[in-house]
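What follows is a single structure, written as structure tokens, with notes after it.
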Amino acid sequence: MISYKWLKELTGLDWSPQEMAERLTLCGTACEYIDKADRYMDRVVVGKVTALKPVEGAAKIQLATVDLGGDGMDVICGAPNVAVGQKVPVALEGAKLAGDMVIKKVKIRGVESAAMICSERELGISDDHSGIMVLEADAVLGTPLAEQLQYDDYILTFELTPNRGDSMSAIGVARDLAALGGTEVRRPSFELKEVSAKASDSIKVSIDDPEGCPRYAARLIRNVKIGPSPWWLKRKLLTSGVRPISNVVDITNLVMLETGHPLHAFDLDRFGSREVVVRRAADGEEFVTLDGERHELVPDVLLITNGKVGVAAGGIMGGLDSEIEDTTTDILLEAAYFDPAVIRKGRKHLGLVTESSSRFERGADPNGIPYAIDRAAHLMQELCGGEVLKGIVDCYPGAIEPKEITLRPSRCNSVLGTSIAVSRMKEILQGLEFTVTGDDPMKVTVPTFRPDIEREIDLIEEVARIEGYDNIPDAVANIGPLYTPLGRLDRFKADARHILTGSGFDEIVNHGLVHQNQSSLVNPGQPQVKLTNPASEELNTMRNSLVTTTLNVISHNLAHRNLDLCLFELGKVYFPGGGPGQWVEKERLVLAVTGHSPHTWRSRPRPYDFYDVSGAVDHLARHFNWSGLTYRPHRFSAFEGDLSFQMTVDNIEMGFLGKVSAKISEAFEIKQPVYLAEVELEPLLAAEEVRKEYRPLPVYPAAPRDLALVVDQSVKAGDLVEVVKESAGDLAESVEIFDLYTGKQIDKGKKSIAISINYRSDEGSLSSEQVDQMQKALVSRLKKNFNAQIRDK
Amino acid sequence: MSLTDDVARLRQEAFDEIGRADSPERLNQIQIKYLGRKGAVTAVLKGLKDLALDERKKVGAAANRVRAELEEQIKETLGKLSVAAAGDAFDYTLPGTAPRLGAIHIVNQVIDEACLIFQRMGFAIERGPDIETDYYNFEALNFPPDHPARDMQDTMFVEGNGVLRTHTTPVQARVLETQKPPIKAITPGLCFRNEAISTRSHVAFHQVDGFLVDEGVTMGDLKGALVAFCKAFFGEKVAIRFRPSFFPFTEPSAEVDVSCFLCDGKGCQVCKQTGWLEILGCGMIHPAVLEKAGHDPEKYTGYAFGIGMERPAMLKYRINDIRLFFNNDVRFLKQFC
């Protein structure tokens, strides 16, 4: 959060808040919201509490008389901190405050009140609702509050990308604005007056871990007077979402918000020594942060110590024991630079994210330290009456130098597809405070506040984002390969989806995460892939069968009274692979039915069963030319023993079909029969693709014959059809089962099957003698092979 | 051949004819043919007297049963035919009788729609494993070792150091290793994040990523391709803007916003009053990514993009709860038949 006025102050640009936000967003500094700072201050004025009276029968509220600079009025107030003589914000009737509160005339305990004394939260200033806001003593009665507080401003809220640590400050954002607006950042200038005593005589700094902390600088400021900050300072903090505390702390926060460099102020008297030693924490070392939390440290945490014990978790949070107090007089001011990775590990261990840690984590500027520490020292001198000791005690063992990167303008234009002039590229980079020498190529010196710029392509992005992506012309023609193939799996999936939905099946999609017990139940003994850190314990294993997730979906639907289901899914199952770091993923298809077929005005419902699933498989087989689809009884543990089959296509084991076992159904709380098939796609798709081929349409007439047979119930229709086809050879154009009957007239243990055979030759008309002869031969085979009784006419 | 068989055959023939009857007149003819005075079933009954007692009983029972069945079937069919009868009585408001239509899952419909647009632009489809290695999910894509996405809090891992891929860009890294430019492909698929399941977030989502690597590919090519996609996918009317952003594997990077098609960019609750909807991330493939796959970034450049599909699906169809996608409640699925 940064205030619009502050950005104007730093750039001198007179853009409207909307324009500023828009242009920043389009250069990569995304502004998410623009809020009027005074949006909850309309009809709120400065008043003075002149009298307080108790309200009879209400212990917690008082009647305050407020002077608004002319008329006085009585206001009911429940704040614990209200006192006579205070200047306070008074919201008049009709004022709209934060939290959708509108001020209306009210009567409480017979007392009328048409206004309200407000808390900071009600005014949208901060989250503080502990009491009413008390204004500066010189506030002018009757003045509109926004004017009194200089809140005629806008607050821009940014959502920054993780690479742009440099934008986490007013100056950083102003730098982008300046580059966009062709101007320069107006950094606050100041003259620091040091006393003659040298800081280095009073404090020593040493760094044990120069990788974690490449630079540590300290200044000493004596004889400060702790007190509240002036309003202009508080306002800058408040409009940036930071709570004012006291002048010294506020100054460190202001400089952080302004420059992006976090600072820390220690109470020198309570520091415990006159030396600063930066080192890694020892395993198990204890430390209490200034929020009062006790931490047990690990070496991941970089610790600022006084030579003996920790005084701050470096770059993350100060310690309780050396915190600034109201009585503090001497300040040890720290400005350091910490390695981003070290800060990240440290704050994760501490479980803390602070304004400081998030800035160091994204990369602060090691060479921005002198400006930041001097700016803060100057403000302490100005606002707290402090004496700044001479010199910065600066420990910077290995200076971090700015990088030099070559930029070829032709490369820039060829990557972007633009024709930006060399001079414009230079202008952009210089606008961002890069130093540029030469033209083609340019030598670009990258300031250390931009650690994200590492190579030429990063400079190209800088040019692009300031020039504006809108100014990169959109290509109008396609480029790339002339032709790209579509894989067989993708073609299969697309076709299968349409065939199955056309057959009345709804497609389901699962993420494939299940509980390990479900997996073990459905697919016992099969290896599983387990998650080491599941988002939820219920989803701790990857499915090794589509059956598991399908049953979950059926269970969910049945629980919602969706009782009739035809479902399919095309998805993956997962297994551990041959060794560590290896896994096997298999593409499968599952089909499942349960419940009843639709009840329409023309058809009665019947229970879904085996044939509803096998019928859908037949559709697929026909479309994909899977020949020789057969079912063989085979015991799968997920299925009922006598309703469990393996499916094969040309001897490729393609999957199984059956009725889900009672035990598994029960575990999934499914109380109706479920028939289900799971198909392994890989072998089917690996087999040679059979292309459809045109057969000439028949020229000669067909000779249809029907055949009714009575056979043992164990005889399979498929075997009968096989024999018919074998017997008739090419002359049987089609062989279909058209009736199946058991019951009266048919002996127990027998069934009647009717087969229609369409005889046809493509060499000539078949005579009825020829056909009769074939039928005769067929009948004798059927009698012999199946002991069939023929019910021929 | 026995008489009972004859009766059974007659029954079958009659049922077939009734099934094919398309008018009450035709049914009447069928009734006469089988049950009339000179009808086939009547003839069997009339012939009973010539049979031996045994045979008479058997055939008689069968024939009588068939007669009753046929009468019932004719009556029922007549009822249906008359409601669907021609002329004034024809009820064209009765529902049609084609088999019930199933629904392709809405998320797959949206993915297919996106993929088809890209396929028409010449993109191949490439796929890769859902369980990735750290190398392909992160390292090959220029993620620094301490990037937050490599954290347990953001990413789910499986035993054996497997990463449940957090995007489908690892497929790009795999394809770049095995193919020579020009390469132009999209990589649709399932991705995972370590998130609590709520109305707005889930442990899994679908992504369509894509990329092109060739000589002379520019950011203008990227913009042109994605403008074309957005117009095809969201409608010709939408405005499109490219905003600088950051991804480890692209540089320059951009976020693509389309004007809110729910309020025509005027500002509404869905677009948080901004008038824009954030739709996808993209950029020029980072030279380090090309280098890691063994391609010379001086010779080849490329672009890449990634679109999470649940969000546009939710926006397009006004779906307000992301959990609906994986719940697979058929009342939800069937809305998108």
Side-chain angles (χ1 to χ4, degrees), chain A residues 25-28 161-163 341 344 415-417 457-458 461 464-465 469 472-476 478-481 484-487 490 497 500-501 504-511 513 529-535 539 553 556-557 560 562 565 572 574 580-581 583 585 598 601-602 745 791 793, chain B residues 1 4-5 9 12 80 94 97 99-105 107-108 121-125 129-131 133 146 152 156-162 182 184 190 194-195 203-204 212 214 218-221 223-224 227 242-246 251-252 254 284 287 301 326-331 333-334:
Chain A
T25 297
L26 292 179
C27 91
T161 53
N163 60 325
R344 183 162 169 268
V415 168
L416 299 178
I457 194 70
D458 302 321
E461 182 177 61
R465 75 180 181 91
Y469 285 2
I472 298 171
D474 299 350
V476 290
N478 233 332
I479 55 165
T484 52
L486 183 63
D490 286 298
R497 274 198 187 105
L500 293 173
T501 51
F505 283 71
D506 291 316
E507 187 185 26
I508 59 173
V509 169
N510 287 289
H511 49 62
L513 299 176
V529 177
K530 292 206 175 66
L531 274 64
T532 52
N533 62 329
L539 308 175
V553 170
H556 173 92
N557 274 289
H560 290 82
N562 306 324
L565 306 167
K572 278 183 183 175
Y574 309 85
W583 300 271
E585 300 183 9
W601 58 279
R602 245 183 194 173
Q745 306 174 58
R791 303 165 75 202
K793 14 194 158 163
Chain B
M1 190 173 101
T4 39
D5 287 346
R9 187 171 49 81
Q12 190 56 50
K80 285 180 185 171
L94 278 170
T97 51
R100 204 187 70 99
L101 186 62
I104 294 177
H105 194 287
V107 94
N108 278 335
M121 289 160 72
F123 286 84
I125 294 183
D130 296 355
I131 306 175
T133 59
D146 60 340
M152 301 274 277
M156 293 192 286
F157 297 86
V158 302
E159 287 175 356
N161 291 324
K184 188 173 188 180
L190 191 63
N194 192 354
E195 287 203 31
V203 294
L212 164 62
D214 199 355
T218 72
M219 193 149 173
D221 293 318
K223 287 185 66 197
V227 165
F242 289 75
R243 263 186 303 117
S245 188
F246 173 72
E251 187 86 9
M284 298 303 288
T301 49
F326 286 128
N327 278 351
N328 293 299
D329 189 308
V330 292
R331 293 166 300 177
L333 301 178
K334 284 179 194 301

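Keep in mind that the numbers below use all heavy atoms, side chains included, and drop hydrogens, waters and symmetry copies. Order of the sequence lines fixes the chain letters, A, B, ..., with proteins taken first and strands second; residue numbering starts at 1 for each chain.
For A/His511, the ring-ring contact (aromatic ring centres under 6.0 Å, His included) test picks out B/His202, B/Phe326, with sequence neighbours left out. Contacts of A/Leu486 classified as side chain to side chain contact (heavy atoms under 4.5 Å, CB included), with partners at least two apart in sequence or in another chain: A/Asp490, A/Arg491, B/Gln119, B/Ile125.
Interface residue B/Leu333: only side-chain heavy atoms are found under 4.5 Å from chain A. Only the side chain of B/Leu190 has a heavy atom closer than 4.5 Å to any heavy atom of chain A. Only the side chain of B/Met284 comes within less than 4.5 Å of a heavy atom in chain A; its backbone stays farther off. Only the side chain of A/His556 comes within contact range of chain B, judged by heavy atoms closer than 4.5 Å. Heavy-atom distances place no part of A/Leu500 under 4.5 Å from chain B, backbone and side chain included. The contact between B/Val203 and chain A is made entirely by side chain atoms (from C-beta outward), counting heavy-atom distances below 4.5 Å. Using a 4.5 Å cut-off between heavy atoms, B/Glu159 touches chain A through backbone and side chain atoms alike. Contact of A/Asn557 with chain B is made through the side chain alone, with heavy-atom distances under 4.5 Å. Only the side chain of A/Pro598 comes within less than 4.5 Å of a heavy atom in chain B; its backbone stays farther off. Heavy atoms closer than 4.5 Å to chain A are found in both the backbone and the side chain of B/Ser245. When heavy atoms are compared at a cutoff of 4.5 Å, A/Val509 approaches chain B by way of both its backbone and its side chain. Of the atoms belonging to A/Lys530, heavy atoms from both backbone and side chain fall under 4.5 Å from chain B.
For the set A/Arg465, A/Glu461, A/His560, A/Lys572, the entry with the most heavy-atom pairs within less than 4.5 Å of chain B is A/Glu461. In terms of non-hydrogen atom pairs under 4.5 Å with chain B, the most contact-rich of A/Asn478, A/Asp506, A/Leu513 is A/Asp506. With chain A as partner, the option from B/Pro99, B/Ala103, B/Pro129 having the largest number of non-hydrogen pairs under 4.5 angstrom is B/Ala103. Contact count against chain B (heavy-atom pairs under 4.5 Å) is highest for A/Asp458 among A/Leu565, A/Leu539, A/Asp458. Across B/Met121, B/Gln12, B/Arg331, B/Glu195, the residue that shares the most heavy-atom pairs under 4.5 angstrom with chain A is B/Arg331. Interface summary for chain A: among B/Val227, B/Val330, B/Thr133, B/Thr97, the most heavy-atom pairs under 4.5 angstrom belong to B/Val330. Ranked by non-hydrogen atom pairs under 4.5 Å with chain B, the options A/Thr532, A/Thr161, A/Val553 are led by A/Thr532. Ranking B/Val107, B/Thr301, B/Asn194 against chain A, the residue ahead of the rest is B/Asn194, based on heavy-atom pairs under 4.5 Å.
The two residues B/Asn108 and A/Arg497 have their closest heavy-atom pair at ND2-NH2, 3.2 Å. Scanning all heavy atoms of the two residues, the minimum distance from A/Asn562 to B/Asp329 falls at ND2-OD1, 2.9 Å. Closest of all the heavy-atom pairs between A/Gly480 and B/Leu212 is CA-CD1, 3.9 Å. Annotation for A/Pro485 and B/Ala124: closest pair O-CB, 3.8 Å, computed over non-hydrogen atoms. In terms of heavy-atom proximity, B/Gly162 sits nearest to A/Trp583 at CA-CH2, 3.2 Å. The two residues B/Lys184 and A/Pro481 make their nearest non-hydrogen contact at CB-CD, 3.4 Å.
Remark: the backbone N or O of B/Ile104 is not paired with any side-chain donor or acceptor of A/Thr501 at under 3.5 angstrom. Between the side chain of B/Asp221 and the backbone N or O of A/Ala475, no donor-acceptor pair lies under 3.5 Å.
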Side chain to side chain contact (heavy atoms under 4.5 Å, CB included) between A/Asn163 and B/Glu251: does it pass, once the steps are laid out? CA-CA 12 Å; A/Asn163 60 325; B/Glu251 187 86 9; 5.7 Å; no
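One finds the CD1 atom of B/Ile131 at 7.0 Å from the OH atom of A/Tyr574 (value rounded to the nearest 0.5 Å). The distance from the CG atom of A/Asn510 to the CG atom of B/Asn327 is 10.0 Å, given to the nearest 0.5 Å.
When the shell of 6.0 Å around CG of B/Asn161 is examined, it contains 12 or fewer heavy atoms from other residues, nucleotides or ligands.
The shortest side-chain heavy-atom distance between A/Leu416 and B/Pro252 falls under the 4.5 Å cut-off. Annotation: side chain of B/Asp214 is not in contact with side chain of A/Ile479 (no heavy-atom distance under 4.5 Å).
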